[in-house]
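Reviewing the structure listed below.
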Amino acid sequence: MRFRAILFDKDGTLFDFHRTWAGVGESSVVALTPDPAVQDRLAALGGFDRARKTFLPGAPMVAGTLREVAEIWQPHLPEHSVAGIERLLDEIAIEATRNGALVPAVDHFGAFLTGLQAAGYALGIATHDSLESTQVQLDAADVRGLFDFVAGYDSGHGMKPGPGMLHAFAHAVSVAPAEVVMVGDSVGDLQMVGNAGGGLAVGVLSGPAEADDLAPYADYVLPTIGDLPGLLHKLAAQTPN
């Protein structure tokens, strides 16, 4: 089977997770409460290590949606509603993006993506961030026009590891699910491949997860997306014409 399309997770895959979002994690807990003890509790529940400015593998703030994080935090923030927390988190992420928070996982990010397009691949994004925030981030990185498909948790395709986002992408770019390569930094990203009948699961280590976390669910584990073109070229050379 020749692969014809690549579906990327966003945070931790296209963008280095810790370097991009550690500041947002800190801003989020501080914005929600002035109480240092509650701030620490929120950070711990979200899987954010405030001292090290890193996120734990599988943390709700990594793998979950804004709504899921808001639901976890709201019992500790009686003055806030779930919807209000969700809205504030989205606003903080968008503002951070506009202030230059994004750190792409590879240098020459736009050239990397256009190189994949030139090789014949349709490109998409499946993220648990909101669609609006994702579009703002892609605009800030000047790469929005390079993607044929973008889905957030609020786009109506369900959430990972469910099959909906991959199926919607395959339909949007007119390929079979088995022709889609999924690239992500979390177990949920990779599990979606099997659930959707996708063609290839590629894990990357630019997020919180370690190789041992991803290996049971991945066909390949790479340091970053920068190693993806070489892998795809090798696989294409092995595919009979």
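Residue numbers count from 1 along this sequence.
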Original post:
Is E210 atom CD crowded by more than 12 heavy atoms from other residues, nucleotides or ligands, each under 6.0 Å away?
Top reply: no
Subject >> Point-to-point distance, once rounded to the nearest 0.5 Å, from CH2 of W73 to CG of L89 >> reply: 5.5 Å
Subject >> D148 (side chain) donor-acceptor with V173 (main chain) under 3.5 angstrom >> reply: no
**OP:** Give me the ring orientation class for F17 and F55: parallel if the planes are under 30° apart, tilted from 30 to 60°, perpendicular past 60°.
**Re:** perpendicular
Original post:
Are I85 and V62 connected in the hydrophobic side-chain network, where two residues link if heavy atoms are under 4.5 Å apart?
Top reply: yes
**OP:** Can you measure from CG (L190) to CG (D219) and round to the nearest 0.5 angstrom?
**Re:** 8.5 Å
Original post:
For A37, does its backbone N or O pair with a side-chain atom of D40 as donor and acceptor, under 3.5 Å?
Top reply: no
**OP:** Output yes when a side-chain donor or acceptor of E68 lies under 3.5 Å from a complementary backbone atom of T65, and no otherwise.
**Re:** yes
**OP:** Determine whether F112 and P104 make a side-chain contact, defined as any pair of heavy atoms from C-beta on separated by less than 4.5 Å.
**Re:** no
Original post:
Between H76 (side chain) and L42 (backbone), is there a donor-acceptor pair under 3.5 Å?
Top reply: no
Subject >> Heavy-atom closest pair, residues V29 and A43 >> reply: CG1-N, 4.0 Å
**OP:** Using the rule that two of Ile, Leu, Val, Met, Phe, Trp, Tyr join whenever any of their side-chain heavy atoms come within less than 4.5 Å, decide whether L231 and F8 are in one cluster.
**Re:** yes
**OP:** Examine distances only and state if a side-chain atom of D90 and a backbone atom of E86 form a donor-acceptor pair shorter than 3.5 Å.
**Re:** no
Subject >> N/O donor-acceptor pair under 3.5 Å between T127 side chain and D129 backbone >> reply: yes
Original post:
From W21 CH2 over to S28 OG, what is the distance, rounded to the nearest 0.5 angstrom?
Top reply: 9.0 Å
Original post:
Do side-chain atoms of T13 reach the backbone of K10 as a donor and acceptor pair under 3.5 angstrom?
Top reply: no
Original post:
So, T20 and D16: side-chain donor and acceptor under 3.5 Å apart, yes or no?
Top reply: no
**OP:** Applying side-chain contact (heavy atoms from CB on, under 4.5 Å), run through I225 and V204 and close with a yes or a no.
**Re:** CA-CA 7 Å; I225 55 172; V204 290; 4.2 Å; yes
Original post:
Do V150 and L113 belong together in a cluster built from hydrophobic side chains that touch within less than 4.5 Å?
Top reply: yes
Original post:
Between S133 (side chain) and S130 (backbone), is there a donor-acceptor pair under 3.5 Å?
Top reply: no
Subject >> Nearest heavy-atom neighbours spanning P60 and V69 >> reply: O-CG2, 3.5 Å
Subject >> Heavy-atom pair of closest approach, residues H128 and G64 >> reply: CB-O, 3.6 Å
Subject >> Distance-only side-chain donor-acceptor flag, Q191 / K160, under 3.5 Å >> reply: no
Subject >> Contact summary for F48 and G25, nearest pair of heavy atoms >> reply: CE2-C, 3.8 Å
Original post:
Linking I/L/V/M/F/W/Y whenever any side-chain heavy atoms sit under 4.5 Å apart, do L228 and L123 land together?
Top reply: yes
**OP:** Please answer: with hydrophobic residues joined when any side-chain heavy atoms are less than 4.5 Å apart, are Y153 and I125 in the same cluster?
**Re:** yes
Subject >> Backbone of H80 reached by a side-chain donor or acceptor of Q74 within 3.5 Å >> reply: yes
**OP:** List the steps, then state whether side-chain contact (heavy atoms from CB on, under 4.5 Å) holds for D9 with V183.
**Re:** CA-CA 6 Å; D9 170 58; V183 186; over 6 Å; no
Original post:
Looking only at heavy atoms, which two atoms of A70 and V82 are closest? And how far apart?
Top reply: CB-O, 3.5 Å
**OP:** Specify the closest pair of heavy atoms between D185 and D189, including all atoms of both residues, with the distance to one decimal.
**Re:** N-OD2, 3.1 Å
**OP:** Mind running side-chain contact (heavy atoms from CB on, under 4.5 Å) on F169 and V175 for me, showing each step along the way?
**Re:** CA-CA 9 Å; F169 172 53; V175 303; 5.7 Å; no
**OP:** Output the distance between atom CG (D11) and atom CE (M61), rounded to the nearest 0.5 Å.
**Re:** 11.0 Å
Original post:
Judged by modelled atom types alone, do R50 and Q39 share a side-chain donor-acceptor pair under 3.5 Å?
Top reply: yes
Subject >> From NE2 (H157) to CG (L131), nearest 0.5 Å >> reply: 8.5 Å
**OP:** Working to the nearest 0.5 Å, report the span between CE of M192 and CG of L166.
**Re:** 5.0 Å
**OP:** Answer yes or no: are there more than 12 heavy-atom neighbours, outside N99 itself, under 6.0 Å from its atom CG?
**Re:** yes
**OP:** Would you please indicate if the ring centroids of F3 and Y121 are separated by under 6.0 Å?
**Re:** no
